Visitor: 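Next up is a structure, given as structure tokens.
Order of the sequence lines fixes the chain letters, A, B, ..., with proteins taken first and strands second; residue numbering starts at 1 for each chain. Note that the coordinates shown come from a computational prediction; the quantities given were computed from them, not determined experimentally.
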Amino acid sequence: MTKIIHVVKGTKDILPQEVEKWQNLEQNALEIFTKYGYKEIRTPIFEVTELFARGVGDTTDIVNKEMYTFEKSDRSLTLRPENTAGVVRSFIENGMSRLSAPVKLWYKGPMFRYERPQAGRQRQFHQVGVELFGIKQPAADAEVILLAVNYLKSLGLNDLEVEINSLGCPSCREEYKKKIKEVLKPEFDNLCEDCQNRYEKNPLRLLDCKVESCKAIFEKPEIKKVIQSDFICDECAQHFNDVKKYLDKMNIKYVVNKLLVRGLDYYNRTVFEIKSNNLGSQNAVCGGGRYDSLVRNLGGEDTPAVGWAMGMERLNSLIPDPEEKKLDAYIVSNSSTDAFELAEELRAEGFNVEFDLSNKKFTKQLEKASKVAKYALILGEDEIVKGQVSVKNLETSVQETIDRKNLRSKLENDKNS
RNA sequence: GCGUCUGUCGUCAAGCGGUUAAGACCUCGGAUUGUGGUUCCGAUAUGCAUGGGUUCGAAUCCCAUCAGACGCCCCA
């Protein structure tokens with residue numbers, strides 16, 4: 001036997017029986033996002049590597065160790081690890097800052113990150129996300145969060161936890177980082193290896209370390225005081241308060257998590273995550289925030305923006321499997337030409353119909369019908385001659401022979417009852 | 001990149017150094033050439049992820065590789 005070829009590590013087929021769930025996710029996205037005025041955008045799956053280096057940030061793990069990068073004619077290209085950078089690139093390139101604000105976009109599609117696969121994590125995975133450009137006011141943050149919550153609700157997911165935080169603006173955040181580094185300096189040698197790395201790279205990430213010895217250090221009164229201090233400046237605080245006010249008004253429950261820091265460099269002010277307790281350790285279904293300097297950093301005009309992305313695999317694992325859909329009818333006949341004809345007729349009228357293509361025996365055909373369809377349409381010699389068809393309800397076993405011209409209304413009646 | 005566990009039919013599995021490698025489901029065929037979902041018969045792994053080794057003898061023990069699951073880091 002010739003060796004078979006396997007899917008590559010961290011990728012998966014979406015098989016026919018799972019496709020309906022995916023179509024649901026996509027359909028709901030289109031419906032809900034359209035209500036809020038978002039338009040779909042589709043950007044390429046690969047981009048110039050520099051886009052992600054500059055966009056996502058070259059200190060992030062995503063850019064440093066997780067990108068699928070390849071060279072082609074002297075150019076370095078990368079499979080997109082996320083889609084905000086690509087959308088921003090397109091926003092700038094297509095002059096969308098000239099459009100009247102806000103510009104509201106949504107997307108869906110595969111993303112690629114070279115990571116160790118585990119529950120809720122693959123190397124090729126899918127995200128659906130939204131981006132709102134051109135509004136600096138807190139109402140934009142609130143709308144985007146509301147949109148996320150309503151999308152999740154439309155999928156039947158109600159008991160998820162919304163966590164929010166404010167990272168402040170670049171200037172007040174720098175102050176805060178400095179203070180944290182200062183107060184932790186004497187403890188540096190006692191921190192775990194990861195934390196020692198983070199100390200320089202991203203001091204904010206120190207705070208939610210899970211190592212017990214580190215936690216103990218953060219509990220020390222003089223350190224805890226600094227960590228918990230309200231470091232953000234008055235303007236940022238005002239913005240954050242307003243976002244919370246909107247959420248309260250819209251009846252969205254949330255908790256403020258001061259340890260919530262996102263892993264992409266471009267965020268400022270509002271950041272948020274939506275988590276589930278039913279997901280294993282990778283428990284965030286949605287993550288996002290405000291990124292007011294990204295458009296400018298990528299060469300566009302100064303444009304404030306907010307957005308989020310959801311992991312579609314994670315969403316799907318929270319949604320129960322739908323019942324398998326049966327065909328409306330399966331034609332049982334020894335005359336495949338007549339079966340063909342009838343099938344086409346019914347299909348044209350909107351029914352889902354199949355029949356046997358391999359000349360199986362009558363009983364086998366009926367057996368097949370009972371497995372895949374609600375009705376068996378028996379088309380034998382008698383029926384063909386008389387222009388009739390025997391309709392058998394495969395659940396109730398009730399069968400009656402009717403004129404072919406009445407078949408449509410018969411099937412429709414039963415369909416609705 | 002690190003750690004823990006796991007690889008026996010399409011699927012779920014038994015087997016723990018000597019078996020003809022159980023069983024169940026699915027699939028296919030027959031009982032049953034116009035009536036299924038119940039029942040009964042039958043078919044389907046010269047092979048146990050791959051490659052080495054130990055042994056008279058390996059699916060079973062050892063090593064390596066590959067793959068998967070889960071966790072760390074990080075993220076959706």
Visitor: Have a look at A:G280 and say if it touches a base, only the backbone sugar-phosphate, or nothing, with a 4.0 Å heavy-atom cut-off.
Guide: sugar-phosphate
Visitor: For A:K275, report the nucleic acid contact type (base, sugar-phosphate, nothing); a contact means any heavy atom under 4.0 Å.
Guide: nothing
Visitor: If you only use heavy atoms from C-beta on, which nucleotide in B:A76, B:G37, B:C74 is closest to the side chain of A:E66?
Guide: B:C74
Visitor: For A:E324, is the CD atom crowded, meaning more than 12 foreign heavy atoms sit under 6.0 Å from it?
Guide: no
Visitor: Would you please test A:E383 and A:T401 for side-chain hydrogen bond (donor to acceptor under 3.5 Å, both in side chains) and show each step?
Guide: CA-CA 8 Å; A:E383 285 94 342; A:T401 304; 4.8 Å; no
Visitor: Would you mind pulling out the nucleotide paired to B:C5, Watson-Crick or G-U wobble, both distances under 3.5 Å?
Guide: B:G68
Visitor: Quantified in whole Å, what is the P atom distance between nucleotide B:G10 and nucleotide B:U50?
Guide: 13 Å
Visitor: Looking at B:A76, B:G71, B:U35, which one has an atom nearest to any side-chain atom of A:R121?
Guide: B:A76
Visitor: One thing to verify: whether A:K177 and A:E174 come together as a salt bridge, which I'm taking to mean a side-chain N less than 4.0 angstrom from a carboxylate O.
Guide: yes
Visitor: Scan residues 49-62 of chain A against RNA chain B and write down, sorted by residue number, each residue with any heavy atom closer than 4.0 Å; if none is found, say none.
Guide: A:D61
Visitor: Whether A:K371 contacts B:U27 is assessed here as follows: a side-chain N or O lying under 4.0 Å from the phosphate OP1 or OP2. Is that the case?
Guide: yes
Visitor: Examine A:R123 relative to A:Y114 and say whether NZ or CZ is less than 6.0 Å from the centre of the six-membered ring and inside a 45° cone about the ring axis.
Guide: yes
Visitor: Check this for me: does the side-chain of A:E383 come within 3.5 Å of the base of B:G34 through a donor and an acceptor?
Guide: yes
Visitor: Report the residue (A:K65 or A:L264) whose heavy-atom-nearest nucleotide on RNA chain B is the more 5′ of the two.
Guide: A:K65
Visitor: Should the heavy atoms of other residues, nucleotides or ligands under 6.0 Å from NZ of A:K136 be counted, would the total exceed 12?
Guide: no
Visitor: Can you tell which of B:C2, B:C73, B:G36 lies closest to the side chain of A:K392?
Guide: B:G36
Visitor: Between B:C9 and B:G71, how far apart are the two C1' atoms, rounded to whole Å?
Guide: 32 Å
Visitor: Ignoring hydrogens and angles, does a donor from either the side chain of A:E115 or the base of B:C73 sit under 3.5 Å from an acceptor on the other?
Guide: no
Visitor: Has A:E323 got more than 12 heavy atoms of other residues, nucleotides or ligands less than 6.0 Å from its CD?
Guide: no
Visitor: Which is more 5' along RNA chain B, the nucleotide nearest A:A119 or the one nearest A:Y267? Just name the residue.
Guide: A:A119
Visitor: Categorize A:E273 for me: base, sugar-phosphate, or nothing, with a 4.0 angstrom heavy-atom threshold over every strand shown.
Guide: nothing
Visitor: Let's see if you can work this out: which of B:G34, B:G37, B:C74 has an atom nearest to the side-chain heavy atoms of A:S397?
Guide: B:G37
Visitor: For the side chain of A:R262, counting heavy atoms from C-beta on, which of B:G71, B:A76, B:G36 is nearest?
Guide: B:A76
